[in-house]
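To keep things clear, I will list the structure first and then write my remarks on it.
Hydrogens, waters and symmetry mates play no part in the numbers below; they use all other heavy atoms, side chains included. In listed order, ligands and their atoms are each counted from 1.
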Amino acid sequence: MRYVSTRGQAAALDFREVTLAGLASDGGLYVPEAWPTFSQDEIAALAGLSYVDTAVAVMMPFVGTTMTRDELHALCEQAYGGFSHAAVTPLVQLDHDRWLLELFHGPTLAFKDVALQLLGLLFERFLTGSSDHLTIVGATSGDTGSAAIDAVAGRANVDIFMLHPDGRVSDVQRRQMTTVGAPNVHNIAIRGDFDQAQALVKAMFNDPAFSSRFRLSAVNSINWARLMAQVVYYFYAAVRLRAPERAVAFSVPTGNFGDVFAGYVATKMGLPVAKLVVATNVNDILARALTTGDYSSRQVVQTPTPSMDIQVSSNFERLLFDLGNRDGDAIAAQMRGFEGSRAMRLTNAQSQDAAGLFKAERVDLDDMALAMRWAHEHAGQVIDPHTGIALAAARRHAGNAPVVTLATAHPAKFGDAVERATGTRPNLPARVGDLFEREERFDVLDASYAAVSGYIAERAVAR
Ligand SMILES: Cc1ncc(COP(=O)(O)O)c(C=O)c1O
Ligand SMILES: N[C@@H](CCOP(=O)(O)O)C(=O)O
């Protein structure tokens, strides 16, 4: 399996190279050069498999010859052995045809652990025997940061520099990052929003002087391996609800478009999916793009769903590339236009192609709170606000297929918002321990390229 850039110019890479690389050298994102496909019989044969066995079956075609099946199996056992639920990502029934897919049973209580626990091991595996020292630069609106730090803290040959928007993540999210004492973990709070943090990260990859000095790598969904690992739970859930015999719809709380893009990949691989509901909060660039073709970025509004307070959705580029006949030159021009003006229009073909599978819903605070209360009162489920956004969208969705709402974070990560909506304050699970007693360690910097790249250059290990 080879991987190509959405902007058509960077060299094609294999799975090892793409996992270590991050952003493509032409500024694009890597995708497989062709989607591997499963027949309906092969999908039916996934029924009854454990999560680990499902993961190996789904991911093996992407890994290609860079690892044997047994090696991948061992890594998956190690990655998912630490989850607190035997099913790793269990399904919980809400009513006749609505389900929650709980993705928060990993060490940092959010769906990011599903991919990042594996990615940490992949880094280790691919660096064994090499003298490379990885400098991971990442941006987080809360959950990627803690999951990535947990996955690489204390590992040899890796430093992680994680940017979060100062004062715009929950206390639990911040403390999960800033109380990790390992010397290879560096937290930077920037005076700005997530979009600025993500733009700074991409700028470091795109700066030849900086990126040639350090062996940069990514833990954001820039990194293909992140998305690959997320494809697995779409198969796992759908098969449990009788796919491929019947199609299943998914409602996905969306910000950077990584999670829902993983659902799209599952459809390209042959999984029958009735609809992918793209649920956004009031930061609704994706809802506008998918309903009117207007992909224009506005000022980010702070909400009780901080992880979705995003107005530039990185992975949307991967979708536009795939919908647009994979024309790298056209995407490069489209994205350059967006980077200049922070606005672009989808082509008619892109809009029409997306409309078949995706349905976008913008959910405001009242509807989110209503959905959280409904889950609590009618199904006995306390859900986090991000999941509340997606459940509100799922409740608007009419169709014959069962609807699975992705529960992306544990409610205790957002205790205040949950208490406001439901009157119940969820307890933090014992596994996060004495989070509020530990000392925090982070620096606050202006959201300027000079400040952030200078800070990292002083501390990172040169090639
Ligand atoms: C809890 C939670 N829900 C939803 C999202 C949105 O996911 P994505 O950025 O993949 O669209 C995030 C951030 O990634 C998150 O942390
Ligand atoms: N919501 C995310 C934002 C980063 O998204 P990613 O999937 O590209 O890592 C977060 O929690 O940090």
Side-chain angles (χ1 to χ4, degrees), residues 22-23 29 101-104 106 108-116 119 136-149 151 160 162-165 168-170 172-174 176-177 187 193-199 201-202 218-227 229-231 233 250-265 276-281 283 285-287 300 303-319 358 360 363 368 383-391 393 405-414 417-418:
L23 201 68
L29 298 167
L101 179 61
E102 292 187 348
L103 301 172
F104 52 72
T108 69
L109 313 177
F111 76 108
K112 308 287 180 167
D113 288 321
V114 177
L116 282 159
L119 186 59
I136 295 172
V137 288
T140 185
S141 53
D143 290 324
T144 293
S146 43
I149 287 170
I160 182 164
M162 186 52 66
L163 279 59
H164 73 266
R168 291 171 182 245
V169 300
S170 81
V172 174
Q173 288 178 313
R174 189 192 66 253
Q176 283 181 315
M177 297 187 276
N187 279 291
D193 57 31
F194 169 79
D195 291 335
Q196 289 170 289
Q198 179 159 256
V201 167
K202 289 192 172 179
V219 284
N220 281 105
S221 51
I222 288 172
N223 192 318
W224 166 257
R226 275 273 315 272
L227 300 186
Q230 293 175 223
V231 176
Y233 48 71
F250 291 91
S251 181
V252 187
T254 299
N256 226 5
F257 205 75
D259 210 5
V260 75
F261 187 77
Y264 171 78
V265 174
L276 287 173
V277 180
V278 178
T280 75
N281 65 18
N283 295 294
I285 182 168
L286 287 167
V300 175
T303 74
T305 47
S307 301
M308 293 158 68
D309 291 347
I310 294 176
Q311 283 281 350
V312 180
S313 291
S314 184
N315 290 286
F316 203 52
E317 176 168 346
R318 284 186 163 115
L319 180 71
F358 294 97
V363 175
M368 174 199 80
I383 60 172
D384 102 283
H386 303 78
T387 308
I389 296 276
L391 182 60
T405 294
L406 270 52
T408 46
H410 191 288
K413 288 192 101 163
F414 306 95
V418 173

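Looking at heavy atoms from C-beta onward, Thr387 lies out of side-chain contact with Phe104 at the 4.5 angstrom threshold. Two residues are said to be in side-chain contact when any heavy atoms from C-beta on lie closer than 4.5 Å; Ile222 and Lys202 meet this criterion. Under the 4.5 Å side-chain criterion, counting only non-hydrogen atoms from C-beta, Met368 is in contact with Thr305. Here the side chains of Ile310 and Asn283 are not in contact, with every heavy-atom distance at 4.5 Å or above. Residues Thr408 and Asp259 meet the side-chain proximity criterion, which asks for heavy atoms closer than 4.5 Å. Contact check for Phe257 versus Arg318: no side-chain heavy atoms found under the 4.5 Å cut-off. Side chains of Pro253 and Leu406 form a contact here, defined as non-hydrogen atoms less than 4.5 Å apart.
At the top of the distance list for atom 14 (O) of ligand 1, counting protein heavy atoms only, stands Lys112 NZ, 2.4 Å. Nearest protein heavy-atom neighbour of atom 12 (C) of ligand 1: Phe111 CE2, 3.6 Å. If you check which protein heavy atom lies closest to atom 4 (C) of ligand 1, you get Pro253 O, 3.4 Å. Protein heavy atom at the shortest distance from atom 2 (C) of ligand 1 is Thr408 OG1, 3.4 Å. From the protein, the heavy atom lying nearest to atom 1 (C) of ligand 1 is Asp143 OD2, 3.1 Å. Counting protein heavy atoms only, atom 8 (P) of ligand 1 is closest to Asn256 N, 3.5 Å.
Of all atoms in ligand 1, numbered sequentially from 1 with element shown, those under 4.0 Å from a heavy atom of Phe257 are 8 (P), 9 (O), 11 (O). Heavy-atom proximity to Ser307, at under 4.0 Å, picks out these atoms of ligand 1: 2 (C), 12 (C), 13 (C), 15 (C), 16 (O). Close approach to Ala409 involves these atoms of ligand 1, each under 4.0 Å from a residue heavy atom: 1 (C). Ligand 1 places these atoms under 4.0 Å from at least one heavy atom of Asp259: 10 (O). Close contacts of ligand 1 with His386, meaning ligand atoms under 4.0 Å from a residue heavy atom, involve 1 (C), 2 (C), 3 (N). Less than 4.0 angstrom separates some heavy atom of Gly258 from each of these atoms of ligand 1: 8 (P), 10 (O), 11 (O).
Residue nearest to atom 11 (O) of ligand 1, selected from Pro385, Gly255, Ala115, Ala279: Gly255 (by heavy-atom distance).
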For ligand 2, run through the N/O pairs with the protein that fall under 3.5 Å and put one pair on each line.
| residue | atom | partner | partner atom | Å |
| --- | --- | --- | --- | --- |
| ligand 2 | 1 (N) | Ser141 | OG | 2.8 |
| ligand 2 | 1 (N) | Ser307 | O | 2.8 |
| ligand 2 | 5 (O) | Asn256 | ND2 | 3.4 |
| ligand 2 | 7 (O) | Lys112 | NZ | 2.9 |
| ligand 2 | 7 (O) | Ser221 | OG | 3.3 |
| ligand 2 | 7 (O) | Arg226 | NH2 | 2.8 |
| ligand 2 | 8 (O) | Ser221 | N | 3.0 |
| ligand 2 | 8 (O) | Ser221 | OG | 2.5 |
| ligand 2 | 8 (O) | Asn256 | ND2 | 2.8 |
| ligand 2 | 9 (O) | Thr144 | OG1 | 2.6 |
| ligand 2 | 9 (O) | Asn220 | ND2 | 2.8 |
| ligand 2 | 9 (O) | Arg226 | NH1 | 2.9 |
| ligand 2 | 11 (O) | Asp143 | N | 2.8 |
| ligand 2 | 11 (O) | Thr144 | N | 3.1 |
| ligand 2 | 12 (O) | Thr140 | OG1 | 2.6 |
| ligand 2 | 12 (O) | Ser141 | N | 2.8 |
| ligand 2 | 12 (O) | Thr144 | N | 3.3 |
| ligand 2 | 12 (O) | Thr144 | OG1 | 3.3 |

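Donor-acceptor pairing under 3.5 Å is recorded for the side chains of Ser307 and Gln173. No donor-acceptor contact under 3.5 angstrom links the side chains of Asn223 and Arg226, judged on distance only. Between the side chains of Ser314 and Asn256, no donor-acceptor pair is found at a separation under 3.5 Å.
Taking all atoms of both residues into account, the shortest heavy-atom contact from Val418 to Pro411 is CG2-O, 3.6 Å.
Once rounded to the nearest 0.5 Å, the distance linking CE of Met162 with CE of Met177 reads 8.0 Å.
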